[in-house]
Amino acid sequence: MPKIELLRVSGEYGFEARDEKGHIIKMDSSPETGGLNFGARPMQVLLMALAGCSAIDVLAILKKQRQDVIDYKMIVNGEREKGKEPSLWKDIDIEFHLFGDIDPDKAAKAVELSINKYCSVSATLQKAGATIKYKVVVHPA
């Protein structure tokens with residue numbers, strides 16, 4: 001079982017979360033709620049995890065298909081439930097930008113497989129009620 005250690009290191013709500021390999025993520029609350037902008041908000045970290053999880057899937061799938069991905073970018077936007085505590089992610093929109101000599105159909109299929117089959121973060125968010133929509137843009141080399 002993975003182990004995460006969280007330490008308060010900055011002000012009231014500035015934390016560093018560290019995994020068993022020593023990788024660190026900095027988190028904080030917003031200044032409006034007493035934070036100092038030391039790090040990302042924990043709910044933003046969920047969107048970052050979604051992007052990272054899906055990126056690994058998509059790039060691995062395309063590598064197996066011998067697609068030449070020169071560069072890669074994702075833009076993730078999310079909207080949370082209004083007036084609820086806890087306020088879960090409700091709608092998530094993702095833009096996948098792939099650069100290189102890539103078959104657009106293979107890129108679209110890789111993204112579909114990641115979001116709907118392989119990415120555990122995506123599955124977790126969807127089981128919590130989030131709707132994930134995406135668009136794939138291939139930029140030729």
Side-chain angles (χ1 to χ4, degrees), residues 1-139 141:
M1 175 181 294
K3 175 184 167 188
I4 303 297
E5 178 180 74
L6 182 92
L7 300 170
R8 185 167 76 173
V9 296
S10 178
E12 291 279 329
Y13 307 113
F15 301 101
E16 286 185 352
R18 181 182 320 256
D19 71 6
E20 66 272 5
K21 302 278 188 197
H23 303 109
I24 296 171
I25 294 179
K26 295 179 180 185
M27 293 180 280
D28 197 357
S29 183
S30 68
E32 297 79 34
T33 59
L36 301 173
N37 264 332
F38 171 75
R41 310 298 171 261
M43 289 297 283
Q44 291 172 329
V45 174
L46 277 175
L47 295 183
M48 291 176 187
L50 171 61
C53 179
S54 187
I56 290 167
D57 291 341
V58 170
L59 292 172
I61 291 166
L62 293 175
K63 182 178 181 180
K64 287 179 186 174
Q65 296 177 342
R66 293 184 170 83
Q67 299 298 294
D68 186 22
V69 181
I70 296 169
D71 207 352
Y72 185 92
K73 177 174 90 170
M74 291 174 69
I75 300 169
V76 182
N77 291 293
E79 186 171 328
R80 292 170 64 182
E81 299 170 318
K82 303 275 190 239
K84 290 188 176 183
E85 287 293 328
S87 177
L88 306 181
W89 289 113
K90 178 181 161 192
D91 296 304
I92 300 170
D93 294 309
I94 308 172
E95 289 181 21
F96 290 82
H97 292 268
L98 297 100
F99 301 82
D101 187 17
I102 305 159
D103 180 326
D105 292 333
K106 289 182 179 182
K109 183 64 176 175
V111 168
E112 189 273 326
L113 285 169
S114 174
I115 295 299
N116 295 317
K117 185 174 182 181
Y118 295 124
C119 177
S120 298
V121 180
S122 175
T124 299
L125 288 165
Q126 289 180 66
K127 284 188 180 188
T131 299
I132 301 175
K133 296 179 186 170
Y134 56 86
K135 157 172 115 168
V136 180
V137 181
V138 175
H139 304 271

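Nothing fancy with the numbering, it's 1 onward along the sequence.
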Sort out for me which residue in Ile115, Val136, Ile75 forms a side chain to side chain contact (heavy atoms under 4.5 Å, CB included) with Ile94.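 Going through the options one by one, the only one that passes is Ile115.
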Working to the nearest 0.5 Å, report the span between [atom1] of [X] and [atom2] of [Y].
| X | Y | atom1 | atom2 | value |
| --- | --- | --- | --- | --- |
| Gln65 | Asp68 | CD | CG | 13.5 Å |
| Asn37 | Ser30 | CG | OG | 8.0 Å |
| Tyr13 | Arg41 | OH | CZ | 13.0 Å |
| Lys26 | Phe15 | NZ | CZ | 14.5 Å |
| Leu62 | Lys106 | CG | NZ | 9.0 Å |
| Ile102 | Tyr72 | CD1 | OH | 10.0 Å |

Step-by-step side chain to side chain contact (heavy atoms under 4.5 Å, CB included) determination, Tyr134 to Asn116: CA-CA 11 Å; Tyr134 56 86; Asn116 295 317; 4.0 Å; yes
Locate the shortest heavy-atom distance separating [X] from [Y]; write the atom from each residue and the value.
| X | Y | value |
| --- | --- | --- |
| Val9 | Glu16 | CG2-CG, 3.6 Å |
| Ala40 | Val45 | CB-CG2, 3.9 Å |
| Asp101 | Ala141 | N-CB, 4.2 Å |
| Val138 | Gly100 | CG1-O, 4.5 Å |
| Ile4 | Ala17 | CG2-CB, 4.2 Å |
| Leu113 | Ile61 | CB-CD1, 4.1 Å |

Look at the rings of Phe99 and His139 and say which category their plane angle falls in: under 30° parallel, 30 to 60° tilted, over 60° perpendicular.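 It falls in the parallel class, under 30°.
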Please answer whether the main-chain N or O of [Y] pairs with a side-chain N or O of [X] as donor and acceptor at a distance below 3.5 Å.
| X | Y | result |
| --- | --- | --- |
| Glu5 | Arg18 | no |
| Asp57 | Cys119 | yes |
| Thr131 | Asp91 | no |
| Ser114 | Ala110 | no |

Do [X] and [Y] have side-chain heavy atoms sitting under 4.5 Å apart?
| X | Y | result |
| --- | --- | --- |
| Ile132 | Gln126 | yes |
| Gln67 | Leu98 | no |
| Val111 | Ser54 | no |

Do Leu50 and Trp89 pass the side chain to side chain contact (heavy atoms under 4.5 Å, CB included) test, and can you show the C-alpha distance, the side-chain angles, and the key distance before you say yes or no? CA-CA 12 Å; Leu50 171 61; Trp89 289 113; over 6 Å; no
Are more than 12 heavy atoms, taken from residues, nucleotides or ligands other than Ile25, located less than 6.0 Å from that residue's CD1 atom?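 Open.
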